[in-house]
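Note that the structure is a prediction, hence the values are computed from the model and not measured. When reading the values below, keep in mind they use all heavy atoms of this one structure, side chains included, and skip hydrogens, waters and symmetry mates.
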Amino acid sequence: MKIIDIHTHCNCGSRYDVPETELHKRNFPFLMEEYANCGISAGGFSYYSALFSDKEIWEGNKLLKEQSEKDSRIYQWLVLDPRQEKLFAQIREQIQGEKVLGIKIHSTDMCHDYDINTYADKIFSFADELGCFVLMHPDKISDMVGYADKYPNMKLIIAHLGSAEHIEAIENAKHGNIFTDTSGMLSYQNNVVEYAVKRVGSEKIFFGTDTYSCGFQVGRIQYARIRDMDKENIFYNNAKTHFKKQFKNI
């Protein structure tokens, strides 16, 4: 099966990178070796420095754009902190790029640390105008349904499938514009993927790694107790369906 990783990160040499250890590598060459070992064709990246600090977001977006243009495996999420007006202008300028998947937000206190409900209308109305995807770290998940209903031209991926709230949000979005991904550690739960597929269908679930072990993440789907067609949807078909322009050559 072909595999597209919709959600991952890497370091870029910034002083705001996440520290790397012998037990958890975060550099791009190592991650590409992981991709090759696991048969992953491409990934949707954002830099750690742009997520875990608000100091170099604009610079990180610019640098990743340049890197994506040089490497066929790299696709980009444009990171947005809604308190920085220059980022709206940058995203508006770059959003139509063939390697750009959409907007990435990280409101939680471990990252940009703002109240999502305070800025949700500003973020999602902007995405609605652009007609793009937003990939978000889970934050006040049940509240996101109202915004998805209010802004139907925006599509929202609530990352890190791992709770009934994720599934309920997908079910309750009246325009069908909420999705999730399998990235992160919570997919270790022994029935979470299977339960989500049963409730909302595999068409609402993207594959992701979030810089955790690609072997673990691929195996979690490969050996899930779901049909082969559901595995194909999660691994590949959903990304191809919703990002036709970006993944046209994969």
Side-chain angles (χ1 to χ4, degrees), residues 6-21 23-26 44-61 63-64 76-88 90-91 101-127 132-148 150-151 154-170 173 178-189 192 206 208-213 217:
I6 207 71
H7 179 180
T8 193
H9 313 284
C10 67
N11 284 340
C12 65
S14 167
R15 57 180 171 161
Y16 299 108
D17 280 349
V18 176
E20 187 173 86
T21 72
L23 302 183
H24 197 160
K25 301 292 188 180
R26 305 179 191 275
F45 282 82
S46 53
Y47 283 142
Y48 273 122
S49 60
L51 295 180
F52 287 100
S53 171
D54 59 3
K55 306 300 183 187
E56 294 183 356
I57 300 174
W58 191 94
E59 293 80 1
N61 285 340
L63 183 62
L64 185 54
Q76 179 176 16
W77 290 101
L78 292 163
V79 178
L80 174 64
D81 179 336
R83 299 165 297 187
Q84 298 187 34
E85 292 300 324
K86 66 179 181 179
L87 296 176
F88 288 91
Q90 183 188 44
I91 290 170
L101 302 179
I103 297 168
K104 180 76 166 71
I105 60 172
H106 230 292
S107 56
T108 55
D109 57 3
M110 61 185 286
C111 296
H112 295 161
D113 192 18
Y114 59 86
D115 178 62
I116 185 61
N117 283 325
T118 299
Y119 292 96
D121 281 309
K122 186 174 184 179
I123 296 166
F124 296 136
S125 64
F126 180 60
C132 71
F133 268 89
V134 177
L135 174 60
M136 70 173 292
H137 185 81
D139 190 8
K140 300 179 181 176
I141 293 175
S142 61
D143 292 348
M144 296 305 104
V145 176
Y147 299 113
K150 185 176 182 180
Y151 301 109
M154 176 268 300
K155 295 179 181 179
L156 180 63
I157 302 173
I158 303 175
H160 312 318
L161 171 64
S163 73
E165 274 193 295
H166 283 81
I167 297 164
E168 291 162 1
I170 294 169
I178 294 183
F179 302 79
T180 189
D181 70 39
T182 62
S183 70
M185 64 178 68
L186 291 179
S187 55
Y188 75 87
Q189 297 182 100
V192 64
F206 293 96
T209 66
D210 197 38
T211 325
Y212 289 90
S213 166
Q217 301 287 2

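With sequence neighbours excluded, the residues satisfying salt bridge (Lys or Arg N to Asp or Glu O under 4.0 Å) with Asp81 are Arg83. Annotation: side-chain contact (heavy atoms from CB on, under 4.5 Å) contacts of Phe88 (sequence neighbours excluded): Leu80, Pro82, Glu85, Lys122, Phe126. Listed by chain and number, the residues in a salt bridge (Lys or Arg N to Asp or Glu O under 4.0 Å) with Asp113 amount to none (sequence neighbours excluded). Residues satisfying the salt bridge (Lys or Arg N to Asp or Glu O under 4.0 Å) test with Asp109, not counting sequence neighbours, are none. Taking the salt bridge (Lys or Arg N to Asp or Glu O under 4.0 Å) definition, one finds that Lys140 meets it with Asp115, sequence neighbours left out.
No donor-acceptor pair under 3.5 Å is formed between the side chain of Thr209 and the backbone N or O of Ser183. A distance-only check finds no donor-acceptor pair linking the side chain of Asp181 to the backbone of Phe206 [under 3.5 Å]. Put simply, the side chain of Gln90 gets close to the backbone of Trp58: a donor and an acceptor are under 3.5 Å apart.
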Let me see the working for Tyr48 and Thr211 under side chain to side chain donor-acceptor pair (under 3.5 Å), right down to the final yes or no.
-> CA-CA 10 Å; Tyr48 273 122; Thr211 325; 3.1 Å; yes

Step by step, work out the side chain to side chain donor-acceptor pair (under 3.5 Å) result for His166 and Ser163.
-> CA-CA 6 Å; His166 283 81; Ser163 73; 2.8 Å; yes

Please assess Phe133 against Leu101 for the test side chain to side chain contact (heavy atoms under 4.5 Å, CB included), listing each intermediate value before the final yes or no.
-> CA-CA 7 Å; Phe133 268 89; Leu101 302 179; over 6 Å; no

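Of all heavy-atom pairs between Ile103 and Cys132, the closest is CD1-SG, 3.7 Å. When all heavy atoms of Gly162 and Gln189 are compared, the pair lying nearest together is O-NE2, 3.1 Å. Closest of all the heavy-atom pairs between Ile91 and Val79 is CD1-O, 4.1 Å. Counting all heavy atoms, side chain and backbone alike, Gly184 lies closest to Gln217 at O-NE2, 2.9 Å. The minimum heavy-atom distance linking Ser187 with Val192 is given by the pair CA-CG1, 3.9 Å. Across every non-hydrogen atom of Met154 and Ala127, the tightest pair is CG-CB, 3.5 Å.
Between His137 atom NE2 and His112 atom NE2 the span is 12.0 Å, to the nearest 0.5 Å. In this structure, Gln76 CD and Leu64 CG are separated by 4.0 Å, a value rounded to the nearest 0.5 Å. Residue Ile6 holds its CD1 atom at 5.5 Å from CH2 of Trp77, rounded to the nearest 0.5 Å. Taken from OG in Ser49 to CG in Asp54, the straight-line distance is 11.5 Å, to the nearest 0.5 Å. Summarising the geometry, atom CE belonging to Met136 is positioned 5.0 Å from atom CD1 belonging to Ile116; distances are rounded to the nearest 0.5 Å. From Ile105, atom CD1 reaches atom CG of Leu87 across 13.0 Å, with rounding to the nearest 0.5 Å.
Using a 4.5 Å heavy-atom cutoff, the side chains of Met144 and Asn117 are in contact. Residues Glu168 and Ser142 have side chains not in contact (no heavy-atom distance under 4.5 Å, counting atoms from C-beta outward).
Classified by interplanar angle (parallel below 30°, tilted 30° to 60°, perpendicular above 60°), the ring pair Tyr114/Tyr119 is perpendicular.
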In residues 9-16, what donor-acceptor pairs under 3.5 Å come from side-chain atoms, sequence neighbours left out?
{"from": "His9", "atom 1": "ND1", "to": "Ser46", "atom 2": "O", "distance (Å)": "3.4"}
{"from": "His9", "atom 1": "ND1", "to": "Ser46", "atom 2": "OG", "distance (Å)": "2.9"}
{"from": "His9", "atom 1": "NE2", "to": "His7", "atom 2": "NE2", "distance (Å)": "3.3"}
{"from": "His9", "atom 1": "NE2", "to": "Asp210", "atom 2": "OD1", "distance (Å)": "2.9"}
{"from": "Asn11", "atom 1": "OD1", "to": "Val18", "atom 2": "N", "distance (Å)": "3.2"}
{"from": "Asn11", "atom 1": "ND2", "to": "Val18", "atom 2": "O", "distance (Å)": "2.9"}
{"from": "Ser14", "atom 1": "OG", "to": "Tyr16", "atom 2": "N", "distance (Å)": "3.0"}
{"from": "Ser14", "atom 1": "OG", "to": "Glu56", "atom 2": "OE1", "distance (Å)": "2.6"}

